[in-house]
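Below is one structure, written out as structure tokens, with a few remarks after it.
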Amino acid sequence: VFFHGGGLTAGSIDTHRALAAILAEASGCRVVSVGYRLAPEHPFPAAVEDALAATRAVLGQAADLGLDPDRIAVGGDSVGA
């Protein structure tokens with residue numbers, strides 16, 4: 001589960017599409033790239049809540065996504081990390 005960087009105020013799945021693709025190619029793993037609400041329109045803890053919800057959703061749908069729920073990692077770039 002990959003979260004883009006951007007200081008919680010910028011960035012998106014689109015701005016980090018290439019990085020997510022590179023990670024998928026280099027690791028041989030599927031990468032689920034997740035968007036989240038950005039500040040200042042959505043102040044803290046909105047992004048954290050979105051990240052938790054997305055991670056839980058991926059875990060809950062792991063079988064449907066062809067993923068092993070025991071081998072799911074969470075990370076990102078910059079603030080997404």
Inset, instruction - Consider only side-chain heavy atoms of I, L, V, M, F, W and Y, link residues closer than 4.5 Å, and tell whether Leu8 and Phe2 are in one cluster. - result: no
Inset, instruction - Indicate if Leu59 and Val32 have the same hydrophobic cluster label, given that clusters are the connected sets of ILVMFWY residues with side-chain heavy-atom separations under 4.5 angstrom. - result: yes
Show me the side-chain donor-acceptor pairs of residues 37-49 shorter than 3.5 Å, one per line, residues at least two apart or across chains.
{"from": "Arg37", "atom 1": "NE", "to": "Asp50", "atom 2": "OD1", "distance (Å)": "3.0"}
{"from": "Arg37", "atom 1": "NE", "to": "Asp50", "atom 2": "OD2", "distance (Å)": "2.9"}
{"from": "Arg37", "atom 1": "NH2", "to": "Ala46", "atom 2": "O", "distance (Å)": "3.4"}
{"from": "Arg37", "atom 1": "NH2", "to": "Asp50", "atom 2": "OD1", "distance (Å)": "2.9"}

What side-chain donor-acceptor pairs closer than 3.5 Å can you find for residues 64-78, not counting sequence neighbours?
{"from": "Asp68", "atom 1": "OD1", "to": "Asp70", "atom 2": "N", "distance (Å)": "2.9"}
{"from": "Asp77", "atom 1": "OD2", "to": "His16", "atom 2": "NE2", "distance (Å)": "3.0"}

Legend entry - Under 3.5 Å: donor-acceptor pair, side chain of Thr15, backbone of Ser12: yes
Legend entry - Heavy-atom closest contact (Gly7 atom, Val79 atom, distance): N-CG1, 3.4 Å
Inset, instruction - Measure across Ile13 and Ser33 and return the closest heavy-atom pair with its distance rounded to 0.1 Å. - result: CD1-O, 3.7 Å
Legend entry - Aromatic plane relationship, Phe3 with Tyr36 - under 30° parallel, 30 to 60° tilted, over 60° perpendicular: tilted
Inset, instruction - Check the pair Asp14 / Arg17 against side-chain contact (heavy atoms from CB on, under 4.5 Å), numbers first and verdict last. - result: CA-CA 5 Å; Asp14 292 331; Arg17 183 180 313 271; 2.3 Å; yes
